[in-house]
**Q** 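What follows is a structure written as C-alpha cells; I'll ask about it next.
Here the structure is a predicted model, which means the values were calculated and not measured. Lettering follows sequence order; numbering is per chain, from 1.
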Protein chains: 2
Amino acid sequence: METSDRILKRATVAFGESGYDATSLDDLARTLDIRKQSILYHYASKELLLEACVRQAITDLSVALDEAIRKSSYGWERIESIVKRVFRLANNRPELLGLLREVTRLGPPILTYAVDGIRPLLDGATTWLIEEMKAGRVRKSEPELLVLSAYSTIMGAATEVKLFEALGEESTIRDVAIRRKELLRFLKIALIP
Amino acid sequence: METSDRILKRATVAFGESGYDATSLDDLARTLDIRKQSILYHYASKELLLEACVRQAITDLSVALDEAIRKSSYGWERIESIVKRVFRLANNRPELLGLLREVTRLGPPILTYAVDGIRPLLDGATTWLIEEMKAGRVRKSEPELLVLSAYSTIMGAATEVKLFEALGEESTIRDVAIRRKELLRFLKIALIP
DNA sequence: ACCATTGCCTACCAAGTGGTAGAAATAGAG
DNA sequence: CTCTATTTCTACCACTTGGTAGGCAATGGT
C-alpha cells in the first residue's frame with residue numbers, strides 16, 4: 001500500500017479514537033514505523049492531514065450509505081437497511097464515526113468543511129423522508145429535525161460502546177445485535193404509522 | 001467566590017467545551033487572571049483537576065435529576081419532567097453534558113471514576129423503569145438497554161447544538177423548544193403503550 | 001511579639017509539540 | 001552511466017506543555 005494511504009488510514013483511526021489534540025505526529029509516525037517528516041512530506045501540516053482524513057471518511061460513509069439505499073426499496077425496509085449498515089460500520093470501522101464526532105467537537109474551520117461534505121447526504125435523506133411522509137409510509141413530522149434526531153440517536157447507539165463497556169455491559173457481537181434490535185423496534189414504533 | 005471554586009468552574013467549562021487535551025493550564029490561568037502555579041496549588045495535577053470537575057459535575061447532575069424526579073409523579077409525566085430538566089441543563093450549563101461526553105472519550109482511568117459516580121443514577125432509573133413496566137405504564141422491553149438508549153438519545157439531542165448550528169439550523173430558544181417537543185413526541189410514541 | 005500556615009507568586013525545567021532545512025537514498029528515463 | 005524527480009531521512013528550532021523549587025506577603029493563634 002502507498003505510504004500516503006497508510007498514513008491516512010492510521011491517522012483516521014488515531015484522530016477518531018484518541019482525538020485530534022491527543023494524537024501527536026511523532027506518535028503517529030512511530031506506529032507506522034516511519035519518521036514524522038515523512039508524514040509532513042505527504043501532508044503539509046497536521047491540519048491538512050485531518051482535512052484529508054475527513055474527506056476520505058465522508059467518502060467512505062457516503063459509499064456505505066448509498067449501498068444500503070440501493071439494495072433496499074422503500075419505507076421501513078430502507079430505514080432498517082440504513083440502520084443496519086451504520087451499525088456494521090460502527091463495528092468494522094468505529095474510527096469513521098468517531099472522527100465525525102470529533103470534528104463536531106473541534107468546531108470550525110474543519111467542522112464547516114465536514115458539513116459541506118455531509119450536507120448532500122442529509123438533504124437526500126430529508127427529501128426522501130418528505131416523500132415517504134406524503135405517501136403515508138412514515139408518520140408526519142418535521143423532516144429536518146427527524147433526520148438530525150435519527151442521526152444523533154443512531155450515532156449515540158453505535159458509538160457509545162466505550163461507555164457501555166465501562167458500565168459493565170458486555171459488547172460481544174450478540175450484545176450489539178440486541179442493542180440494534182432494540183433501537184430498530186424503538187424507531188419502528190416511533191416512525192411507522 | 002473562593003479561588004478554588006472559580007478554577008473548578010472555569011476548568012469544567014474549558015474541559016467540557018474545548019476538551020481536556022486542548023485546554024492548557026496556562027490558558028486556563030490566563031482567563032482567570034491568575035498564574036498557573038496557583039491552579040496547581042489547589043489541584044496538584046491537571047488530572048486531579050479533571051477528577052474534581054467530574055465529581056462536581058456529577059453532583060450537579062444528580063441534584064438536577066433528583067429535583068426533576070421529586071416534583072413529578074409517575075409514568076410519562078416523570079419521563080417528560082426529566083427530559084425537560086436535561087434540556088434546561090443543556091441550555092444553562094452545556095459544559096456539564098460536554099464534560100460527560102469528553103470523559104467517555106478519554107476512557108479509563110477517569111471514565112471508570114465517572115461511571116462509579118453515575119451508576120447510582122442509572123440503577124435508580126432502571127429499577128424505576130422495571131416498576132413502570134410491571135405496572136403497564138411503560139412498554140415492556142429490556143430496561144437496561146432502554147436507559148442507555150434514552151441516555152444517548154437525550155444526550156445527542158441536547159448536545160449536538162454545535163453541529164446543528166454548523167448545518168444552518170438556528171438554535172434560538174424557540175428552535176430548541178421545538179426539538180425538545182419532537183423528541184418528547186418520539187419518546188412518548190415509543191415508550192407509552 | 002512570635003511563628004506556622006495559607007495562598008499566590010517568580011523562576012525554572014525536562015519533555016514534547018508542529019514545523020523547517022537540507023542531506024541522502026531510490027528509481028526511472030535518456 | 002547520468003540526470004532528474006520522488007521519497008525518506010537526520011538534524012534542528014522555537015514554542016508550549018505539565019510540573020518543581022522556593023520566595024514572599026497576609027493571617028491568625030499563642
**Q** Can A/K84 and A/E80 be said to form a salt bridge (Lys or Arg N to Asp or Glu O under 4.0 Å), step by step?
**A** CA-CA 6 Å; A/K84 282 184 176 172; A/E80 195 176 7; 3.7 Å; yes
**Q** Is there a residue in residues 20-34 of chain A whose heavy atoms reach under 4.0 Å of DNA chain D, and which residues are they?
**A**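 Within residues 20-34 of chain A, the residues near DNA chain D are A/I34.
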**Q** Between A/R78 and A/S73 (side chain of the first, backbone of the second, donor and acceptor by atom type, cut-off under 3.5 Å), is there such a pair?
**A**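 Indeed, once roles are kept as given, a pair shorter than 3.5 Å links the two residues.
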**Q** Which of residues 35-54 of chain A sit near DNA chain D, with a heavy atom under 4.0 Å from it?
**A**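 A/R35, A/Q37, A/S38, A/Y41, A/H42, in order of number.
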**Q** Going through the checks in order, is the side-chain contact (heavy atoms from CB on, under 4.5 Å) test met by B/Y43 and B/L25?
**A** CA-CA 11 Å; B/Y43 305 93; B/L25 294 182; over 6 Å; no
**Q** Is any side-chain heavy atom of B/V115 closer than 4.5 Å to one of B/I118?
**A**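 Not in contact.
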**Q** Angle between ring planes, A/F15 versus A/Y20, binned at 30° and 60°: parallel, tilted or perpendicular?
**A**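 If you compare the ring of A/F15 with that of A/Y20, the planes turn out tilted.
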**Q** Got a second to check how far A/L183's CG is from A/K181's NZ, nearest 0.5 Å?
**A**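 So the CG of A/L183 and the NZ of A/K181 are separated by 12.5 Å.
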**Q** For the residue pair B/I110 and B/E47, establish whether any side-chain heavy-atom pair is separated by less than 4.5 Å.
**A**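 With C-beta onward as the side chain, the pair stays apart.
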**Q** Hey, could you give me each pair passing salt bridge (Lys or Arg N to Asp or Glu O under 4.0 Å) that has a residue in residues 105-114 of chain A? Not counting sequence neighbours.
**A**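 Output for this query lists A/E102-A/R105, A/R105-B/E102.
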**Q** Under 4.0 Å between a side-chain N or O of B/T3 and OP1 or OP2 of C/dG7?
**A**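 Answer is no, no contact under 4.0 Å.
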